[in-house]
Amino acid sequence: MSKETKTTKPKSTKPKSAKSAKGAKAESHKFEAEVARLLHLMVHSVYSETEVFLRELISNSADACDKLRYASVTKPELLGKDSELKIQIVIDAENKSLTVQDNGIGMSKDELITNLGTIAHSGTLAFMERAEKAQDLGLIGQFGVGFYSAFMVAEKVEVVSAAAGSDEVNVWTSDGAGTYTIATAKKGLVVDGFRGTRLTLSMKEEAEKFLDVPELKRIIKAYSDHVSFPIELAEIKDGKTSEFDKANTGSALWTRPKSEISEEQYNEFFRSRGGVFGDPELTIHYRAEGRHEYSVLLFVPKERPFDLFEPSRKGHISLYVRRVFITDDAEFLPGYLRFVRGVIDSEDMPLNISREMLQNNPIVAAIRKAVTNRVLSELGKLAEKRAEDFATLWSSIGQVVKEGLYEDHERRDQLLDLMLFKTTKSGEGLRSLKDYIADLKENQTAIFYIAGEDADHVAASPQLEGFVSRDIEVLLLSDPVDSFWTTTVLGYEGKPFKSVTQGEAELGAIAEVDGDGKTDEKPDGVDDSAIGTLIAAMKQALGENVADVRKSDRLTKSAVCLVADAGGPDMALEKILAHQKDGPGGGRARILEINPTHDLIRKLADQVKEQGTSVDVEDSAQLLFDQARIMDGETVSDPTAFAARLSRLMLKGI
Ligand code: ADP
């Protein structure tokens, strides 16, 4: 819903295009609600390091030059005579304006509307929510919100853009307060040969410090030195534009020798890739030579990227061929390494390779294999050399890496070596499978785990008691993927993974220990025949609610617990599957295990043996079953009956 308004009148420093655009009709548009929110945040920002706006605008211009260079491989006419791609910045202190211009791909009217009127990146939305909540605009500097950051320093922004190959020029203008206007004119009528995008920022008073050549040189050097196109700087004084002066090194960072690159330069390059916070934990930079030649500059972010759990599971590796940008969509790493960011630059792929052709390209396949191995081995080295840093990193990316356990059978062992877990022995830290294997108990034949939705709840499960009392370590798994990989991974170092909520615990061969870690030889004094009679009575009382009732060797404190049978999924996986099929509560009947050493069970057993079954025994069986369900985080099957039984028994106790 746009309404017609008057054309914006350009200032004297405006490009010729805009000046001659007069006569063209300007339409007014409303910003999408999210953009309006983001702009509000920018316009009212009291953030002190507003200088990052320049990094964002230069980065957009560099992308536009990259895109044009790629397009011109098959359509050289798009470049024409204006073939030296570059970014130019002009300071006009007198008119308080700053111009950032590129001769890249440019934008059509529709592109201006979608690109500068909506938010395409879910990361930006997530950023905005975080920044609004925390009232912390420091995040802007770390995260980068692209074009919109211009409104931190400018009270008005004008964007003149001409898409390569089109004969139209569009002028987009906004003061960031809810609406923008677009005016269209024929390029032939307005300007000779203008192509690309020119941003003119009318600077806020407090941002006038950026209208200074040495200051801008410093900012360009600090944030954008790695940009592979020349960034040139000039100023207008007394109506005259000075000579342009190159302000960056202008060679792609990944082509430079490692020894010449500072950590800060690497970090800036990482941040310029967008969608990430903070610094990289790992920087992987090398050049591969041999059958295929290519350069690799990859980063593993310290902080979890926003889009990590998006269904698209999209990666973020850009492909260049001999410094020409090809695509961000080449799948150079498997989905479970989608947190890795960076660039791969091939020396031997054809320049005119289409994005579709990449999928079946043997060079891509070879690079993919080598780079995946390299990333995993670098992660392995980090785990070895800086275990604490790796553990912190693991808490943000581990959940994703685990997907590799069922997706990448070839590298399963390598992945298992990386895994870290909370366990019954890890305390505040994390343990590896190597740690686990080193601490196996005598006669222990499996790696035990318990899976569930919530780490604290999992750690308090009754099914763990017999393991804890024997000092057997159990992995505490609470990521949704855990229920899946544990069913497909056969084992580690010859030991199978076994859920403690499934099948018989088979703990008989492992001795219990008391609090001092010594073997506990207390006889349990349980009357086996009485327990047998109780089990028969409970089975009768519970009927089809349970698949079986049996004596447990996994319980030491609680009276009862539920387990799944040995054949199917474990309890956690069953819950997930039941949720998907019939909703909560669905799924197969479970096995109720009873603790023969528990006072309540003993007394019940004695009573059944002496007096036979009764209403009390039936009530107790039902209540114990419901208790077991509650301990598993479920609801009782029949709340009214549950309340009636509980009241009956309580009454007897009073
Ligand atoms: P991002 O750069 O992260 O995509 P921005 O909000 O900065 O987000 O920009 C949105 C889109 O606008 C870009 O993806 C790009 O398509 C377009 N754009 C921005 N600046 C330019 C430019 N100088 N030339 C061409 N297109 C641009």
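Atoms within a ligand are numbered from 1 in the order they appear, just like the ligands themselves. Positions are given from 1, in the same order as the sequence printed here. Worth saying up front: this structure is predicted, and the values here are computed from it rather than measured. As a basis for the values below, the full set of heavy atoms in this structure was taken, side chains included, without hydrogen atoms, waters or symmetry mates.
With salt bridges taken as basic N to acidic carboxylate O contacts below 4.0 Å, none links Lys96 and Glu155. The pair Arg271-Glu264 meets the salt-bridge criterion, with a side-chain N (NZ, NE, NH1 or NH2) lying under 4.0 Å from an Asp/Glu carboxylate O. With salt bridges taken as basic N to acidic carboxylate O contacts below 4.0 Å, one links Glu347 and Arg323.
Ser224 and Arg55 are not linked by any side-chain donor-acceptor pair at a separation below 3.5 angstrom, with hydrogens and angles left out of the test.
A side chain to side chain contact (heavy atoms under 4.5 Å, CB included) with Arg195 holds for exactly one of Val169, Asp102, Ile105, Leu79; it is Leu79.
Taking the six-membered ring for Trp and thresholds of 30 and 60 degrees, Phe299 and Tyr266 have ring planes more than 60 degrees apart, a perpendicular arrangement.
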Quick one: ligand 1 N/O to protein N/O pairs below 3.5 Å?
from     : atom 1 : to     : atom 2 : distance (Å)
ligand 1 : 2 (O)  : Asn60  : OD1    : 2.7
ligand 1 : 3 (O)  : His121 : NE2    : 3.4
ligand 1 : 4 (O)  : His121 : NE2    : 2.9
ligand 1 : 7 (O)  : Asn60  : OD1    : 3.2
ligand 1 : 7 (O)  : Asn60  : ND2    : 2.7
ligand 1 : 7 (O)  : Phe147 : N      : 2.7
ligand 1 : 16 (O) : Asn115 : ND2    : 3.2
ligand 1 : 23 (N) : Asp102 : OD2    : 2.9
ligand 1 : 24 (N) : Thr197 : OG1    : 3.2

